[in-house]
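The structure presented is a predicted model; accordingly, all values stated were derived computationally and were not measured. Naming convention: chains lettered A, B, ... in sequence-line order (proteins, then strands); numbering from 1 in each chain.
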Amino acid sequence: MPEKVHTHFGDSDGESSKQAPKPISDAVPAEDGAWKKRRSKKRKRDEPADNSQPRNGEPIQAPKPSPVVEPVTQEPKPDTKPDDTPQPPPNKTQVAKHKNNFKPKSFSDTKTNFAPLREKANALYELRKKLPIFGHADEIRQKLREQDVMLLVGETGSGKSTQIPQFLVNEFWCRPTPAQIPKEDGSTRSASVGGCIAITQPRRVAAITLARRVAEEMGTPLGSSSPASKVGYSVRFDTSVSPSTRVKFLTEGMLLQEMLHDPWLTKYSAVVVDEVHERGINVDLTVGFLRNLVSGKKEGRGGVPLKVVVMSATADMESLMGFFQEGFKIQEEEQKHLSNGNSGEKKETVKEITACHIKGRQFPVKTIYSPAPVHDFVDAALKVIFQIHYKEPMPGDILVFLTGQETVEALEQLVNEYATGMDPSLPRILVLPLFAALPQAAQQRVFQPAPPRTRKVILATNIAETSVTVSGVRYVVDCGKAKVKQFRTRLGLDSLLVKPISKSAAIQRKGRAGREAAGQCFRLYTEKDYLTLDETNTPEILRCDLSQALLNMKARGVDDIVRFPFLTRPPREALEKALLQLLNIDALQDSGKISDVGLQIAKLPLTPTLGRVLLAAAENGADCLIDVIDIISCLSVENIFLNTTSEEKKEAAETARRDLFRREGDHLTMLATVRAYASENADRKAWAERHLVSHRAMQSVMDVRKQLRSQCRQAKLLPRDDGRDHTSDPAPVLILQSFLCGFGNNTARLVPDGSYRTVVGNQIVAIHPSSVLYGKKVEAIMYNEFVFTNRSYARGVSAVQMDWVGEALAG
DNA sequence: GAGCACTGC
């Protein structure tokens with residue numbers, strides 16, 4: 001019997017609310033967790049026929065003009081006479097010389113006429129002047145003339161990501177500088193150092209969007225569209241730069257990759273590290289290497305300084321300050337040590353790290369806590385959604401943060417159910433789910449404006465916290481939880497668990513309500529609970545398998561891992577485990593130095609284990625390698641098989657996929673799928689739809705495959721001109737044995753009670769239901785992933801023989 | 001009987 005539900009949400013800010021909350025619809029569920037019982041009638045969500053989706057699974061992008069143009073509330077300040085006005089267009093003769101195959105992008109029509117670009121830039125300049133950061137331009141320039149390291153806290157909406165590079169690009173220190181660089185034999189060579197600014201981003205879309213925006217603001221074409229382009233970007237599978245590039249946006253991974261070849265970053269005068277607060281493992285490595293660079297002697301740069309700007313949205317700058325100061329202190333002590341006894345020498349001025357805090361432009365967001373602890377946040381969210389809908393004026397969409405697909409779909413169904421019983425005089429409700437596994441076209445619906453008299457209710461996972469901005473949101477409902485992946489060193493297994501978020505994540509979620517107007521954030525937890533949350537997110541470096549990070553460091557000559565400047569030092573146990581794993585796959589010599597195998601693996605865009613598999617396959621011949629590359633490509637993208645959620649489709653899917661399934665397991669099934677997809681020359685998209693295979697995922701697979709093949713050709717693991725179609729039958733035994741070279745530890749054998757137990761550690765493990773071997777009993781299995789969700793699952797599973805496992809483990 | 005979010009010459 002549905003009870004009458006009253007709004008429990010008090011107003012925590014002490015501001016008196018205008019009126020007492022009204023009771024909301026009678027039609028709100030009574031029992032806790034009622035949604036859990038409704039899961040049986042899930043509706044289908046298969047990849048729709050749509051040709052407009054971007055290629056290679058590029059994350060969704062809101063169709064908004066730019067990531068930085070914020071609503072303007074203040075009067076423009078008097079003109080500050082900046083010296084970074086848009087550049088005059090480069091002369092036409094220069095452009096005309098390069099007539100051949102520049103990828104025409106959005107600037108194709110302006111290849112020889114930059115006037116429109118300039119006009120646009122001039123118009124944008126008016127907007128730039130109003131950004132909160134704009135008034136700080138001179139201060140920032142001045143500080144960086146004197147110091148090499150700057151920490152910059154810029155709240156959301158401050159404009160830091162687009163403006164900082166433009167403030168700096170015309171500084172005197174930002175020009176290419178002739179330098180003498182010592183060679184190994186003691187002589188020197190002349191080279192030019194600097195001239196470019198790099199700005200790192202954690203995500204690909206962000207790097208590309210920002211580059212596009214800054215190019216517009218600077219009145220220059222983007223990337224490779226013209227040789228005169230001053231702004232470019234570089235992300236995996238897509239690099240767009242020109243000989244004149246001065247400002248380059250890149251992903252952190254890309255900068256790390258560049259550092260493998262150019263450890264002194266000689267192209268750059270400055271590196272701007274953006275979004276440090278997100279603390280992905282790549283950003284930790286980046287700042288570690290950068291600290292070594294700025295506090296060292298810079299011999300590889302011929303002494304030319306590198307400016308480093310570290311930017312964050314949260315004010316936790318103290319640890320970063322200490323981090324860079326420690327680097328300078330160590331350097332100073334070393335110098336003191338060297339010049340010992342020479343006390344008359346003038347002491348160099350102590351280097352300082354400057355800091356700058358820029359207020360953001362956000363509208364106020366009122367926080368409303370739950371007065372009592374919430375047991376079922378799906379149920380609580382349902383009530384709050386209708387409370388908002390009944391009480392609050394239009395317009396104003398609602399963004400609800402949930403933990404995963406399951407809770408999103410459950411709440412979706414509930415909201416739709418109760419919305420049908422609503423008073424028809426009320427505005428309608430449009431429920432839109434949003435999570436990464438959702439097909440592109442369904443994700444795009446979130447960005448379309450709501451029909452008239454309709455309120456959008458977006459039910460999202462963490463994807464909406466950082467990766468995606470939805471406009472129109474004035475109300476945020478935050479369940480206070482998120483799924484977090486945690487690597488457990490001792491068990492060698494990943495867990496995906498629902499955990500409370502951090503304060504800074506809670507603030508981030510709340511901020512999503514104040515981007516366009518004043519908003520409200522309903523927290524489905526008490527204020528007391530909020531106060532007990534961690535300040536910041538746990539850095540990824542404490543939560544993941546470190547073997548790839550360590551191999552990266554070793555490949556850059558960091559032999560003593562313990563002395564590496566970690567922003568947060570991982571526990572010794574985790575480091576040791578990673579070292580052991582690298583030793584196991586022969587990536588390291590017994591001395592701890594990197595081996596030739598290790599060096600080869602480090603250059604591959606793969607985890608060390610997958611890299612090892614690739615090298616092992618190469619030893620089994622080119623045919624085997626070609627096949628293993630196909631499989632590895634599948635393993636390094638999202639699931640290639642679509643979920644078949646509806647009953648009718650399920651049977652059709654089984655039939656359609658039957659010719660792809662291989663009894664050897666998931667690996668050979670993936671191979672069959674890639675081969676069939678690749679040999680489909682007529683219409684791959686239709687083929688994918690027929691077989692319920694994700695076309696988006698397969699496009700990424702083809703990108704990775706192409707990249708890996710080309711790298712293997714370069715490394716002479718594959719013959720140069722292997723243009724011919726690969727048609728020989730696969731050799732399952734060789735393929736699986738190659739995989740065992742990397743995954744020998746990821747094996748389990750069937751025990752008499754019918755369950756599988758790991759060969760190393762004797763732990764119980766179940767085959768994941770997504771596997772073709774689900775429910776099958778074989779002598780032994782090898783798997784790519786060992787994950788704990790509700791129980792321990794092996795994912796990416798193939799049948800193997802125990803004697804192969806023995807051989808692989810014996811080395 | 002199941003899928004937080006990112007990323008890589």
Rounded to whole Å, please give me the gap between [atom1] in [X] and [atom2] in [N].
X: A/Leu610; N: B/dT7; atom1: CG; atom2: C1'; answer: 15 Å
X: A/Asn282; N: B/dC9; atom1: CG; atom2: P; answer: 11 Å
X: A/Phe487; N: B/dA5; atom1: CZ; atom2: P; answer: 21 Å
X: A/Gln257; N: B/dC9; atom1: CD; atom2: P; answer: 5 Å
X: A/Glu278; N: B/dC4; atom1: CD; atom2: C1'; answer: 14 Å
X: A/Asn537; N: B/dC4; atom1: CG; atom2: P; answer: 18 Å
X: A/Glu252; N: B/dC9; atom1: CD; atom2: P; answer: 14 Å
X: A/Glu275; N: B/dT7; atom1: CD; atom2: P; answer: 13 Å

Discussion item. Please enumerate all residues that pass side chain to side chain contact (heavy atoms under 4.5 Å, CB included) together with A/Ala506, with sequence neighbours excluded.
Written reply: A/Asp478, A/Ile501, A/Arg523, A/Tyr525, A/Tyr530

Worksheet item: With A/Val772, which residues qualify under side chain to side chain contact (heavy atoms under 4.5 Å, CB included), at least two apart?
Response: A/Phe661, A/Asp666, A/Thr669

Discussion item. If you take any heavy atom closer than 4.0 Å to DNA chain B, which residues from residues 784-797 of chain A end up in contact?
Written reply: A/Thr789, A/Tyr793

If you check the [X] side chain, which of [options] turns out closest?
X: A/Met254; options: B/dC9, B/dA2, B/dC6; value: B/dC9
X: A/Ser467; options: B/dG1, B/dC9, B/dC6; value: B/dC6
X: A/His768; options: B/dT7, B/dA2, B/dA5; value: B/dA2
X: A/Ser770; options: B/dC9, B/dA2, B/dC4; value: B/dA2
X: A/Pro769; options: B/dG1, B/dC4, B/dT7; value: B/dG1
X: A/Lys603; options: B/dG1, B/dA5, B/dC9; value: B/dC9

Worksheet, complete the sentence: The answer to which of A/Thr403 and A/His261 contacts DNA chain B further toward the 5' end, by nearest nucleotide, is A/Thr403

With a 4.0 Å cut-off on heavy atoms, is [X] in touch with a base, just the backbone sugar-phosphate, or nothing at all?
X: A/Leu606; value: base
X: A/Val235; value: sugar-phosphate
X: A/Glu465; value: nothing
X: A/Ala436; value: sugar-phosphate

Item to complete: Could you verify whether a donor N or O on one side chain and an acceptor N or O on the other, from A/Thr538 and A/Arg279, lie under 3.5 Å apart?
Response: no

Discussion item. Just N and O in the side chain of A/Thr461: are any of them under 4.0 Å from OP1 or OP2 of B/dA5?
Written reply: yes

Fill in: Under-4.0 Å side-chain N/O to phosphate OP1/OP2 contact, A/Gln711 with B/dC9
no

Worksheet entry | Contacts of A/Phe739 that satisfy ring-ring contact (aromatic ring centres under 6.0 Å, His included) - sequence neighbours left out | A/His667

Worksheet item: Looking at residues at least two apart in the chain, or sitting in another chain, which of them share a ring-ring contact (aromatic ring centres under 6.0 Å, His included) with A/Phe487?
Response: none

Practice prompt. State whether the number of non-hydrogen atoms from other residues, nucleotides or ligands found under 6.0 Å of A/Arg663 atom CZ is greater than 12.
Written response: no

Practice prompt. Sequence neighbours left out, what pairs pass side chain to side chain donor-acceptor pair (under 3.5 Å) with at least one residue falling in residues 787-797 of chain A?
Written response: A/Glu785-A/Arg795

Worksheet item: Which one of A/Thr245, A/Asp238, A/Thr239 satisfies the side-chain hydrogen bond (donor to acceptor under 3.5 Å, both in side chains) criterion with A/Tyr233?
Response: A/Asp238

